[in-house]
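Structure first, commentary second.
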Amino acid sequence: MKTRVIKLSEWSINTLGREYTDRVVGMRAVYTTYDGDKLIGTITRWERGYPIIEFGDGRWARLDNDAITVVVEG
């Protein structure tokens, strides 16, 4: 699985809002648990300034809002 880190701009999040944050909605991303497990899910929305990732089993988690690791297809 290939991944890359996307750095997000706090200024753009606060100034441009959804115009900026919606760019990552729908992307597959990696969430690392406190135990170090890596889970793959889809970014579905933003809540209170943080991207939310949802997993196939219905669970969800909050990602960092400064950088996220996305899955690169192909």
Nearest 0.5 angstrom please: Ile68 CD1 to Tyr31 OH, how far? 14.0 Å

Is it possible for you to say whether Leu63 and Ile13 belong to one hydrophobic cluster, with membership spreading through side-chain heavy-atom contacts below 4.5 Å? yes

Between Thr44 and Glu54: side-chain donor-acceptor atoms closer than 3.5 Å: yes

Between Pro51 and Ile43 the two heavy atoms that sit nearest each other are CB-CG2, 4.1 Å

Does Asp37 offer a backbone N or O that forms a donor-acceptor pair with the side chain of Thr33 under 3.5 Å? yes

Phe55, Val70: one ILVMFWY side-chain cluster at the under-4.5 Å cut-off? yes

Give the minimum heavy-atom separation between Ile40 and Arg28, together with the two atoms involved. CG2-NH2, 3.4 Å

Nearest heavy-atom contact between Val5 and Ala67 is CG1-CB, 3.9 Å

Indicate if Val72 and Val25 have the same hydrophobic cluster label, given that clusters are the connected sets of ILVMFWY residues with side-chain heavy-atom separations under 4.5 angstrom. no

Membership question, hydrophobic clusters at under 4.5 Å side-chain separation (ILVMFWY): are Trp46 and Trp60 in the same one? no

How close do Thr32 and Lys38 get, heavy atom to heavy atom, and via which atoms? OG1-NZ, 3.3 Å

Is a side-chain N or O of Asn14 found less than 3.5 angstrom from the main chain of Glu10, in a donor-acceptor match? yes

Spacing of Glu19 atom CD and Arg23 atom CZ [to the nearest 0.5 Å]: 6.5 Å

Please check if the side chain of Tyr20 supplies one atom and the backbone of Ser9 the other of a donor-acceptor pair under 3.5 Å. yes

Spell out, yes or no, whether Ile6 and Val71 are grouped together once hydrophobic residues are joined by side-chain heavy atoms under 4.5 Å, including indirect joins. no

Once rounded to the nearest 0.5 Å, what's the spacing between atom NZ of Lys7 and atom CG of Asp64? 10.5 Å

Contact check, side chains of Leu39 and Arg59, non-hydrogen atoms, under 4.5 Å: yes

To the nearest 0.5 angstrom, please state how far the CG atom of Leu8 sits from the OG1 atom of Thr21. 9.5 Å

